[in-house]
Amino acid sequence: QVQLVESGGGSVQLGGSLRLSCVVSGYKDIASGYCMGWFRQAPGKELEGVASFDSSDAISYIDSVKGRFTLSKDNAKKTLNLQMNNLKTEDTAMYYCAITLCWTFASGYGPESREAASGHWGQGTQVTVSS
């Protein structure tokens with residue numbers, strides 16, 4: 001059984017940093033067409049892909065986080081990390097670790113819900129940035 005467990009969320013001041021981690025168990029290799037990464041969902045808004053690895057380890061970020069967020073993974077520990085620096089209030093959201101179709105990470109193509117999405121999803125960790 002595949003499980004994704006996120007941690008590291010919290011409340012920070014504007015300009016602060018947080019590091020999110022996702023421990024993946026029960027999953028071997030990313031299948032072609034699937035990516036591993038992070039989504040976020042702010043209240044009243046759609047799921048938005050933030051950053052992802054594809055099956056060749058190429059990394060993609062949405063424009064709004066480029067230069068501030070860094071995606072990495074530790075294959076030995078089976079952990080996916082998202083280092084978030086210079087946080088803005090608009091980064092406030094629930095952040096989800098996911099292994100799902102790569103095209104859904106693209107801006108504007110996020111799934112309607114985790115329940116409707118393909119692949120595997122974690123339960124989420126809250127990030128709140130205050131001014």
Side-chain angles (χ1 to χ4, degrees):
Q1 183 180 0
V2 179
Q3 284 191 318
L4 288 76
V5 180
E6 303 98 332
S7 63
S11 297
V12 295
Q13 294 288 317
L14 184 68
S17 298
L18 282 173
R19 183 178 177 85
L20 305 184
S21 293
C22 173
V23 178
V24 182
S25 59
Y27 196 85
K28 198 172 182 180
D29 297 309
I30 301 177
S32 178
Y34 278 73
C35 287
M36 177 185 293
W38 293 88
F39 281 82
R40 65 186 180 187
Q41 188 168 29
K45 295 192 175 182
E46 297 179 343
L47 276 166
E48 175 183 50
V50 176
S52 65
F53 277 106
D54 69 12
S55 56
S56 63
D57 281 349
I59 301 176
S60 297
Y61 298 95
I62 55 170
D63 287 345
S64 61
V65 307
K66 285 180 181 177
R68 301 188 298 121
F69 289 14
T70 302
L71 183 67
S72 64
K73 60 176 178 169
D74 184 330
N75 290 328
K77 296 181 180 179
K78 296 185 179 179
T79 302
L80 184 71
N81 302 305
L82 185 67
Q83 177 67 42
M84 306 186 295
N85 298 328
N86 190 22
L87 282 161
K88 304 178 180 181
T89 54
E90 52 263 42
D91 295 318
T92 294
M94 183 71 80
Y95 282 71
Y96 298 97
C97 178
I99 302 171
T100 188
L101 293 167
C102 292
W103 63 267
T104 64
F105 282 91
S107 180
Y109 289 89
E112 289 187 8
S113 67
R114 290 183 296 134
E115 292 75 18
S118 64
H120 308 281
W121 292 70
Q123 293 300 305
T125 186
Q126 178 68 38
V127 171
T128 302
V129 184
S130 57
S131 58

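Starting from 1, each residue takes its place in the sequence as its number.
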Checklist entry - Should R40 and V65 count as side-chain neighbours, where that means a heavy-atom distance under 4.5 Å? => result yes
Checklist entry - Would you say E112 has more than 12 foreign heavy atoms packed within less than 6.0 Å of its CD? => result no
Checklist entry - Relative to each other, are the rings of F69 and Y95 parallel, tilted or perpendicular (30° and 60° limits)? => result tilted
Item to check | Separation of I99 CD1 from H120 NE2 (nearest 0.5 Å) | outcome: 6.0 Å
Checklist entry - Can a donor-acceptor pair be found between the side chains of Q83 and N81 at a distance below 3.5 Å? => result no
Item to check | Side chain T100, main chain S118, donor-acceptor under 3.5 Å | outcome: yes
Checklist entry - Quick one: does Y61's side chain have a donor or acceptor within less than 3.5 Å of a partner on R68's backbone? => result no
Checklist entry - Do T79 side-chain atoms and K77 backbone N/O form a donor-acceptor pair below 3.5 Å? => result yes
Checklist entry - Below 4.5 Å, heavy atoms only, C-beta onward: do I62 and E48 meet side chain to side chain? => result yes
Item to check | Heavy-atom pair of closest approach, residues A51 and L71 | outcome: C-CD2, 3.9 Å
Checklist entry - What distance do D54 atom CG and F105 atom CZ have between them, rounded to the nearest 0.5 Å? => result 10.5 Å
Checklist entry - Do any N or O atoms from the side chain of S52 and from the backbone of G37 form a donor-acceptor pair under 3.5 angstrom? => result no
Item to check | Atom of L101, atom of T104 and distance for their closest heavy-atom approach | outcome: O-OG1, 2.6 Å
Checklist entry - How far apart are the closest heavy atoms of S32 and S55, and which atoms are they? => result CA-OG, 4.3 Å
Item to check | Nearest-0.5 Å distance that lies between atom CE in M36 and atom CG in L4 | outcome: 7.0 Å
Checklist entry - Any link between F39 and W103 through a network of hydrophobic side chains (Ile, Leu, Val, Met, Phe, Trp, Tyr) touching at under 4.5 Å? => result no
Next on the checklist: When you measure from the side chain of E6 to the backbone of Q123, do you find a donor-acceptor pair of N or O atoms at a distance under 3.5 Å?
Outcome noted: yes
Checklist entry - Should the ring pair W121 and Y96 be called parallel, tilted or perpendicular, given that the plane angle runs from 0 to 90° and is split at 30 and 60? => result perpendicular
Item to check | ILVMFWY cluster, Y109 and W38 together (side-chain gap under 4.5 Å) | outcome: yes
Next on the checklist: side chain to side chain contact (heavy atoms under 4.5 Å, CB included) for V127 and M84? Distances and angles first, verdict last.
Outcome noted: CA-CA 10 Å; V127 171; M84 306 186 295; 3.8 Å; yes
Checklist entry - When you look at T128 and T92, which way does the side chain to side chain donor-acceptor pair (under 3.5 Å) test go after all the steps? => result CA-CA 5 Å; T128 302; T92 294; 5.3 Å; no
Item to check | Pairing of K66 and D63 as salt bridge, 4.0 angstrom limit | outcome: yes
Next on the checklist: If I compare all heavy atoms of L18 with all of G9, which pair ends up nearest, and what's the gap?
Outcome noted: CD1-C, 4.5 Å
Checklist entry - Atom OH of Y27 and atom OG of S25: how far apart are they, to the nearest 0.5 Å? => result 13.0 Å
Next on the checklist: I need the Q41 CD to L47 CG distance, nearest 0.5 Å.
Outcome noted: 4.0 Å
Next on the checklist: I need the minimum non-hydrogen distance between G119 and Y34, along with the two atoms involved.
Outcome noted: CA-CE2, 4.2 Å
Checklist outcome for this item: One should read off an interatomic distance between L82 CG and S72 OG, to the nearest 0.5 angstrom, of 8.0 Å
Item to check | Q126, CD atom: more than 12 neighbouring heavy atoms under 6.0 Å | outcome: yes
Next on the checklist: With a 4.5 Å cut-off on side-chain heavy-atom distances among I, L, V, M, F, W and Y, is there a chain of contacts connecting L80 to I59?
Outcome noted: yes
Checklist outcome for this item: For N85 and S17, the nearest pair of non-hydrogen atoms, with its separation, is OD1-OG, 3.0 Å
